[in-house]
Amino acid sequence: GEQVEQRPPHLSVREGDSAVITCTYTDPNSYYFFWYKQEPGASLQLLMKVFSSTEINEGQGFTVLLNKKDKRLSLNLTAAHPGDSAAYFCAVSAGFASALTFGSGTKVIPCLP
Amino acid sequence: DAGVTQTPRHEVAEKGQTIILKCEPVSGHNDLFWYRQTKIQGLELLSYFRSKSLMEDGGAFKDRFKAEMLNSSFSTLKIQPTEPKDSAVYLCASSLDWGEEQYFGPGTRLTVL
(Lines give C-alpha, C1' and ligand atoms only; values in the text may rest on other atoms or scores of the structure.)
Protein backbone atom coordinates (compact mmCIF):
# COMPACT_ATOMS: atom_id res chain seq x y z
CA GLY A 1 0.00 0.00 0.00
CA GLU A 2 0.82 3.68 -0.11
CA GLN A 3 3.62 4.89 2.14
CA VAL A 4 4.28 8.54 2.88
CA GLU A 5 7.48 9.85 4.40
CA GLN A 6 7.52 13.40 5.79
CA ARG A 7 10.59 15.43 6.72
CA PRO A 8 11.70 17.09 8.91
CA PRO A 9 9.88 16.05 12.10
CA HIS A 10 10.71 19.37 13.76
CA LEU A 11 11.48 22.76 12.26
CA SER A 12 12.61 25.92 14.03
CA VAL A 13 12.39 28.91 11.74
CA ARG A 14 13.16 32.55 12.36
CA GLU A 15 10.26 34.91 11.90
CA GLY A 16 10.29 36.27 8.38
CA ASP A 17 12.30 33.36 7.01
CA SER A 18 10.97 30.66 4.73
CA ALA A 19 10.75 26.99 5.60
CA VAL A 20 10.10 23.86 3.54
CA ILE A 21 8.41 20.62 4.55
CA THR A 22 8.65 17.70 2.15
CA CYS A 23 6.69 14.49 1.70
CA THR A 24 7.58 11.64 -0.60
CA TYR A 25 5.08 8.95 -1.50
CA THR A 26 5.34 5.55 -3.14
CA ASP A 27 2.20 4.93 -5.21
CA PRO A 28 2.59 6.45 -8.71
CA ASN A 29 -1.21 6.31 -9.09
CA SER A 30 -1.76 8.74 -6.22
CA TYR A 31 -4.17 11.41 -7.32
CA TYR A 32 -5.18 13.78 -4.55
CA PHE A 33 -2.80 15.49 -2.19
CA PHE A 34 -3.54 17.53 0.92
CA TRP A 35 -1.79 19.63 3.51
CA TYR A 36 -3.37 19.96 6.95
CA LYS A 37 -2.46 22.24 9.84
CA GLN A 38 -2.99 21.32 13.48
CA GLU A 39 -2.56 24.08 16.04
CA PRO A 40 -1.79 23.12 19.64
CA GLY A 41 -4.82 21.56 21.30
CA ALA A 42 -6.91 21.78 18.14
CA SER A 43 -7.94 19.39 15.41
CA LEU A 44 -6.71 19.27 11.83
CA GLN A 45 -7.73 21.93 9.35
CA LEU A 46 -7.20 21.87 5.61
CA LEU A 47 -4.52 24.21 4.27
CA MET A 48 -4.68 23.17 0.64
CA LYS A 49 -5.81 20.40 -1.68
CA VAL A 50 -3.74 19.69 -4.78
CA PHE A 51 -4.93 17.80 -7.84
CA SER A 52 -2.62 15.61 -9.84
CA SER A 53 -2.70 17.96 -12.77
CA THR A 54 -1.42 21.02 -10.95
CA GLU A 55 2.10 21.75 -9.88
CA ILE A 56 2.24 24.96 -7.92
CA ASN A 57 -0.46 26.33 -5.71
CA GLU A 58 -0.25 29.52 -3.71
CA GLY A 59 -2.07 30.12 -0.48
CA GLN A 60 -1.97 32.84 2.13
CA GLY A 61 1.64 32.80 3.34
CA PHE A 62 2.57 29.48 1.75
CA THR A 63 3.18 27.66 -1.52
CA VAL A 64 2.58 24.03 -2.34
CA LEU A 65 4.60 22.25 -5.00
CA LEU A 66 3.79 18.85 -6.46
CA ASN A 67 6.41 16.92 -8.42
CA LYS A 68 4.79 13.75 -9.73
CA LYS A 69 7.92 12.55 -11.47
CA ASP A 70 9.80 12.43 -8.17
CA LYS A 71 6.65 11.58 -6.18
CA ARG A 72 7.28 14.56 -3.92
CA LEU A 73 4.96 17.09 -2.33
CA SER A 74 6.29 20.12 -0.53
CA LEU A 75 4.92 22.96 1.58
CA ASN A 76 6.86 26.21 1.62
CA LEU A 77 6.05 28.67 4.38
CA THR A 78 7.12 31.90 2.71
CA ALA A 79 7.62 34.24 5.70
CA ALA A 80 7.20 32.56 9.05
CA HIS A 81 5.20 34.32 11.76
CA PRO A 82 3.90 33.25 15.19
CA GLY A 83 0.61 32.10 13.70
CA ASP A 84 2.49 29.38 11.81
CA SER A 85 3.28 27.58 15.07
CA ALA A 86 1.58 24.23 14.51
CA ALA A 87 2.03 20.69 13.28
CA TYR A 88 1.69 20.21 9.55
CA PHE A 89 0.63 16.97 7.91
CA CYS A 90 0.66 15.92 4.30
CA ALA A 91 -1.87 13.35 3.12
CA VAL A 92 -2.11 11.35 -0.08
CA SER A 93 -5.05 9.57 -1.66
CA ALA A 94 -4.19 6.68 -3.97
CA GLY A 95 -6.97 4.76 -5.67
CA PHE A 96 -10.68 5.42 -5.89
CA ALA A 97 -12.51 5.15 -2.57
CA SER A 98 -9.28 4.69 -0.67
CA ALA A 99 -8.56 6.42 2.60
CA LEU A 100 -5.87 9.06 2.95
CA THR A 101 -2.39 8.07 4.01
CA PHE A 102 -0.90 10.72 6.28
CA GLY A 103 2.69 11.73 6.77
CA SER A 104 4.13 11.62 10.28
CA GLY A 105 3.89 15.39 10.73
CA THR A 106 6.25 18.35 11.12
CA LYS A 107 6.16 20.56 14.17
CA VAL A 108 6.99 24.15 13.17
CA ILE A 109 8.22 26.58 15.79
CA PRO A 110 8.80 30.18 14.70
CA CYS A 111 11.41 31.90 16.78
CA LEU A 112 12.38 35.51 17.18
CA PRO A 113 14.80 36.84 14.56
CA ASP B 1 -23.68 24.20 9.34
CA ALA B 2 -22.45 22.03 12.18
CA GLY B 3 -19.07 20.45 11.70
CA VAL B 4 -18.07 16.99 12.89
CA THR B 5 -19.01 16.45 16.51
CA GLN B 6 -17.44 13.93 18.84
CA THR B 7 -18.41 12.86 22.33
CA PRO B 8 -17.11 12.62 24.90
CA ARG B 9 -14.19 15.02 24.61
CA HIS B 10 -12.33 13.24 27.38
CA GLU B 11 -12.61 9.68 28.62
CA VAL B 12 -10.77 7.93 31.44
CA ALA B 13 -11.07 4.17 31.60
CA GLU B 14 -9.65 1.39 33.71
CA LYS B 15 -7.74 -1.35 31.93
CA GLY B 16 -10.16 -4.00 30.69
CA GLN B 17 -13.18 -1.71 30.43
CA THR B 18 -15.30 -1.26 27.33
CA ILE B 19 -15.62 2.26 26.01
CA ILE B 20 -17.70 3.67 23.18
CA LEU B 21 -16.80 6.85 21.37
CA LYS B 22 -19.37 8.66 19.27
CA CYS B 23 -19.19 10.73 16.12
CA GLU B 24 -21.68 12.72 14.07
CA PRO B 25 -20.35 13.61 10.60
CA VAL B 26 -21.16 16.72 8.64
CA SER B 27 -24.68 16.40 7.28
CA GLY B 28 -24.71 15.01 3.73
CA HIS B 29 -21.18 13.63 3.81
CA ASN B 30 -20.79 10.14 2.39
CA ASP B 31 -17.40 9.16 3.82
CA LEU B 32 -16.51 8.75 7.48
CA PHE B 33 -13.13 8.00 9.00
CA TRP B 34 -11.82 7.07 12.43
CA TYR B 35 -8.17 7.79 13.25
CA ARG B 36 -5.98 7.36 16.27
CA GLN B 37 -3.37 10.06 16.90
CA THR B 38 -0.34 9.62 19.12
CA LYS B 39 2.94 11.51 19.24
CA ILE B 40 4.93 8.41 18.34
CA GLN B 41 2.76 6.80 15.66
CA GLY B 42 1.11 9.92 14.28
CA LEU B 43 -2.25 9.48 12.54
CA GLU B 44 -3.32 5.87 12.09
CA LEU B 45 -6.45 4.86 10.20
CA LEU B 46 -8.82 2.72 12.24
CA SER B 47 -11.84 2.55 9.91
CA TYR B 48 -13.19 4.06 6.71
CA PHE B 49 -16.89 3.97 5.78
CA ARG B 50 -18.29 4.94 2.44
CA SER B 51 -22.07 5.34 2.34
CA LYS B 52 -22.20 3.34 5.59
CA SER B 53 -20.25 0.41 4.14
CA LEU B 54 -16.93 -0.47 5.70
CA MET B 55 -14.23 0.07 3.08
CA GLU B 56 -11.05 -0.22 5.09
CA ASP B 57 -10.09 -1.09 8.60
CA GLY B 58 -6.62 -0.74 10.05
CA GLY B 59 -5.39 -4.32 10.15
CA ALA B 60 -3.54 -3.91 13.42
CA PHE B 61 -6.69 -2.73 15.18
CA LYS B 62 -9.14 -5.47 14.22
CA ASP B 63 -9.15 -7.51 17.38
CA ARG B 64 -10.27 -4.98 20.00
CA PHE B 65 -11.53 -2.08 17.91
CA LYS B 66 -14.90 -2.09 16.22
CA ALA B 67 -16.41 0.85 14.37
CA GLU B 68 -20.02 0.87 13.27
CA MET B 69 -22.17 3.18 11.23
CA LEU B 70 -25.82 2.31 11.74
CA ASN B 71 -27.07 5.36 9.88
CA SER B 72 -25.55 8.09 7.78
CA SER B 73 -25.46 10.59 10.62
CA PHE B 74 -23.94 8.60 13.48
CA SER B 75 -20.97 6.35 14.06
CA THR B 76 -19.48 4.64 17.09
CA LEU B 77 -16.06 3.26 17.88
CA LYS B 78 -15.97 0.55 20.52
CA ILE B 79 -12.74 -0.49 22.20
CA GLN B 80 -13.08 -3.74 24.11
CA PRO B 81 -11.20 -4.43 26.31
CA THR B 82 -9.14 -1.29 26.73
CA GLU B 83 -5.40 -1.40 27.39
CA PRO B 84 -3.08 1.39 28.60
CA LYS B 85 -1.46 1.50 25.15
CA ASP B 86 -4.82 2.65 23.76
CA SER B 87 -4.31 6.04 25.43
CA ALA B 88 -4.45 8.50 22.54
CA VAL B 89 -6.62 11.07 20.81
CA TYR B 90 -9.29 9.49 18.63
CA LEU B 91 -10.32 11.62 15.68
CA CYS B 92 -13.38 11.29 13.52
CA ALA B 93 -13.50 12.90 10.10
CA SER B 94 -15.99 13.05 7.26
CA SER B 95 -15.88 14.09 3.62
CA LEU B 96 -18.45 14.65 0.92
CA ASP B 97 -16.86 12.15 -1.44
CA TRP B 98 -13.58 10.49 -2.38
CA GLY B 99 -10.91 13.07 -3.05
CA GLU B 100 -12.72 15.81 -1.17
CA GLU B 101 -11.48 17.57 1.94
CA GLN B 102 -11.83 15.65 5.17
CA TYR B 103 -13.39 17.66 8.00
CA PHE B 104 -12.07 16.64 11.38
CA GLY B 105 -13.87 16.63 14.69
CA PRO B 106 -12.29 17.96 17.90
CA GLY B 107 -11.28 14.46 18.99
CA THR B 108 -11.75 12.36 22.10
CA ARG B 109 -8.76 12.13 24.42
CA LEU B 110 -8.75 8.65 25.93
CA THR B 111 -6.67 7.78 28.97
CA VAL B 112 -6.52 4.14 30.04
CA LEU B 113 -5.15 3.55 33.54
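Side chains included, hydrogens not; waters and symmetry mates left out as well; all remaining heavy atoms used. Letters A, B, ... mirror the listed sequences (proteins, then strands); counts begin at 1.
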Taking B:R109, B:E44, B:Q37 one by one, which has the highest count of heavy-atom pairs under 4.5 Å against chain A? B:Q37
Between B:Q41 and chain A, which part of the residue has a heavy atom less than 4.5 Å away: side chain, backbone, both or neither? neither
Determine, using ring centers only, whether B:W98 and A:Y32 are less than 6.0 Å apart. yes
Show the numbers, then the answer: is there a ring-ring contact (aromatic ring centres under 6.0 Å, His included) between A:F33 and A:Y25? CA-CA 10 Å; A:F33 306 85; A:Y25 57 95; 5.1 Å; yes
Measure from the ring center of B:Y35 to the ring center of A:F102 and say whether it is less than 6.0 Å. yes
Is any residue of residues 70-81 of chain B within less than 4.5 Å of chain A by heavy atoms, and which ones? none
So which part of A:Q6 gets closer than 4.5 Å to some heavy atom of chain B, the side chain, the backbone, both or neither? neither
Does A:R14 CZ have over 12 foreign heavy atoms under 6.0 Å away? no
Ring centroid separation A:Y36 to A:F89 under 6.0 Å: no
Go through the side-chain N and O atoms of A:E2 and A:S30 and say whether any donor and acceptor fall under 3.5 Å apart. yes
Test item: side-chain donor near acceptor, B:D57 and B:Y48, under 3.5 Å: no
